[in-house]
Undergrad: 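Please see the structure below; I have some questions.
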Amino acid sequence: MRTILALLMVAALCVPAFAGGNPNVKAYVSFDQTGAGDLVHQYDMSMYVGFNAYFCFTDLDMGLTVVSFMINSPQAENPALFASQSFTNLLDIIVGDPFTGMSLASTTCRPGPVEVVGYLNLFPVGVGDACVLIMDDPDFPRWVVDCTTPNGEVDFYCVLENGTIGAAECVPGDCGSPVEDSTWGGIKALYR
């Protein structure tokens, strides 16, 4: 299995980053308990009621075959809140560990425009605040390999939104906002 993923990654590196078919791809955490990946970024948990945090990719114009990322460990960060956590890969292949860096691969094209690639099941034994974060894999870039044949092409994703449990102040997404395009003169004009 590692050989298949390694070949996919080598193929992905052979094309320029701007050449992919998913130029606006975004990652996000969804607490939509149907598993459909709707934009539900906040969750209020109850004691002894397990729930899932889904890892989703959107704006997939040319589908998805490989993605690399890492997630934080809410249980390790909040041992009094969670009795257990487990990650489930919804693609075909996983190389690495979710909490130290992983690459997920599919043997077939996942067409998009939204794909749920995995989920973290959490079982709370307390009530409190926590975060579920999409983080950079220490060994691979933030890449998504699309379904272009014969070799997929690469685009890099941004994080649209991380997951907030309760009232936690979590790391915001980094996909940018219209404010970044403003000039200092334009901002000063707002206060005149």
Undergrad: Determine, using the 4.5 Å side-chain heavy-atom cutoff (strictly less than), whether Val171 and Met135 are members of one ILVMFWY cluster.
TA: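 Linked within one cluster.
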Undergrad: Whether the side chain of Asp38 engages the backbone of Val40 through a donor-acceptor N/O pair (distance < 3.5 Å, no angle test) should be reported.
TA: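 No; zero donor-acceptor contacts below 3.5 Å.
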Undergrad: Minimum heavy-atom separation for Thr65 to Cys147, with atom names?
TA: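 It is CG2-SG, 3.9 Å.
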Undergrad: Could you check whether the rings of Phe123 and Tyr48 sit parallel, tilted or perpendicular, using 30° and 60° as the cut-offs?
TA: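 Phe123 vs Tyr48 ring planes: tilted.
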Undergrad: Kindly work out whether a path of hydrophobic side-chain contacts (I/L/V/M/F/W/Y, heavy atoms less than 4.5 Å apart) joins Val67 to Tyr54.
TA: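 No.
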Undergrad: Compute whether any side-chain donor of one residue and acceptor of the other, for Asn22 and Asp61, lie under 3.5 angstrom apart.
TA: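 Side-chain D/A pair, Asn22 to Asp61: absent.
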Undergrad: Among Gln42, His41, Glu169, find the one that has a side-chain contact (heavy atoms from CB on, under 4.5 Å) with Thr164.
TA: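 Result: among Gln42, His41, Glu169, Gln42 is the only option passing the side-chain contact (heavy atoms from CB on, under 4.5 Å) with Thr164.
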Undergrad: How far does CG of Leu104 sit from CZ of Arg110, to the nearest 0.5 angstrom?
TA: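 The CZ atom of Arg110 is 10.0 Å from CG of Leu104, to the nearest 0.5 Å.
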Undergrad: Looking at Asp44 and Gly166, what are the two nearest heavy atoms and their distance?
TA: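 Nearest heavy atoms, Asp44 then Gly166: OD1-CA, 3.7 Å.
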Undergrad: Grab the two heavy atoms, one from Ala105 and one from Leu91, that are nearest each other, plus how far apart they are.
TA: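 Smallest heavy-atom distance, with atoms named: O-CB, 3.4 Å.
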Undergrad: Over all heavy atoms of both residues, which pair between Gly63 and Cys109 is shortest? Give the atoms and the distance, please.
TA: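 Gly63 and Cys109 have their closest heavy atoms at CA-SG, 4.3 Å.
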Undergrad: Are Cys56 and Val116 packed together at the side-chain level, in the sense that at least one heavy-atom pair is separated by less than 4.5 angstrom?
TA: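 SC-SC contact between Cys56 and Val116 confirmed.
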Undergrad: Give the cluster check for Val159 versus Val114: same hydrophobic cluster or not, with ILVMFWY residues linked at side-chain heavy-atom distances below 4.5 Å.
TA: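 Different hydrophobic clusters.
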Undergrad: Distance check, rounded to the nearest 0.5 Å: Asn72 atom CG versus Glu77 atom CD?
TA: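 Those atoms lie 4.5 Å apart.
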Undergrad: Determine, stepwise, if the pair Leu133 / Cys170 fulfils side-chain contact (heavy atoms from CB on, under 4.5 Å).
TA: CA-CA 8 Å; Leu133 306 174; Cys170 302; 4.3 Å; yes
Undergrad: Taking Gln85 for the side chain and Gln75 for the main chain, is one N or O donor matched with an acceptor at less than 3.5 Å?
TA: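 Checked: pair present.
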Undergrad: Side-chain heavy atoms nearer than 4.5 Å, only ILVMFWY residues, links allowed to pass through others: does that put Leu64 and Met102 together?
TA: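 As far as the 4.5 Å side-chain criterion goes, Met102 and Leu64 are connected within one cluster.
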Undergrad: Which class fits the ring pair Phe87 and Phe55: parallel under 30°, tilted 30 to 60°, perpendicular over 60°?
TA: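 Answer is tilted, since the angle falls between 30° and 60°.
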Undergrad: Can you tell me how far apart CG (Leu122) and CZ (Phe82) are? Round to the nearest 0.5 Å.
TA: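 Those atoms lie 5.0 Å apart.
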Undergrad: What are the two closest heavy atoms between Gly101 and Pro138, and how far apart are they?
TA: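 Minimum heavy-atom contact is CA-CD, 4.1 Å.
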Undergrad: Keeping Asp155 on the side-chain end and Val144 on the backbone end, is there a donor-acceptor pair under 3.5 Å?
TA: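 Not at all, since once roles are kept as given, no pair shorter than 3.5 Å links the two residues.
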Undergrad: Spell out, as yes or no, whether a donor-acceptor pair under 3.5 Å connects the side chain of Thr58 to the backbone of Lys26.
TA: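 No, the answer is negative, given that no donor and acceptor are paired below the 3.5 Å cut-off.
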Undergrad: Is the backbone of Ser30 close enough, under 3.5 Å, to the side chain of Tyr119 for a donor and an acceptor to pair up by distance?
TA: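 Not a single qualifying donor-acceptor pair exists.
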Undergrad: Look up atom CZ in Phe140 and atom CE in Met70, then write down how far apart they are to the nearest 0.5 Å.
TA: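 That separation rounds to 13.5 Å.
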Undergrad: Nearest heavy-atom pair of Asn89 and Asp92: which atoms, and what distance?
TA: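 Asn89 and Asp92 have their closest heavy atoms at ND2-C, 4.0 Å.
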Undergrad: Is there a path of hydrophobic side-chain contacts, each under 4.5 Å between heavy atoms, that joins Val145 and Leu90?
TA: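 Looking at the clustering, Leu90 is in a separate group from Val145.
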Undergrad: When you measure from the side chain of Asp129 to the backbone of Ala167, do you find a donor-acceptor pair of N or O atoms at a distance under 3.5 Å?
TA: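 Judged by distance alone, yes, a pair lies under 3.5 Å.
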Undergrad: Answer yes or no: is there a donor N or O on one side and an acceptor on the other, between the side chain of Asp137 and the main chain of Ser68, under 3.5 Å?
TA: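 No: the side chain of Asp137 does not pair with the backbone of Ser68.
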Undergrad: What is the distance from atom CZ of Arg142 to atom OH of Tyr157, rounded to the nearest 0.5 Å?
TA: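 The CZ atom of Arg142 sits 6.0 Å away from the OH atom of Tyr157.
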Undergrad: Walk me through whether Leu60 and Asp146 qualify under side-chain contact (heavy atoms from CB on, under 4.5 Å).
TA: CA-CA 8 Å; Leu60 295 168; Asp146 68 22; over 6 Å; no
Undergrad: Out of Asn162, Ile165, Ile71, which residue meets the side-chain contact (heavy atoms from CB on, under 4.5 Å) rule with Val132?
TA: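 So the option named by the test is Ile165.
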Undergrad: Just do the side-chain contact (heavy atoms from CB on, under 4.5 Å) check on Val29 and Tyr43 with the steps written out, would you?
TA: CA-CA 11 Å; Val29 176; Tyr43 188 80; over 6 Å; no
Undergrad: To the nearest 0.5 angstrom, please state how far the OG atom of Ser86 sits from the CG atom of Asn121.
TA: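 If we round to the nearest 0.5 Å, Ser86:OG and Asn121:CG are 4.5 Å apart.
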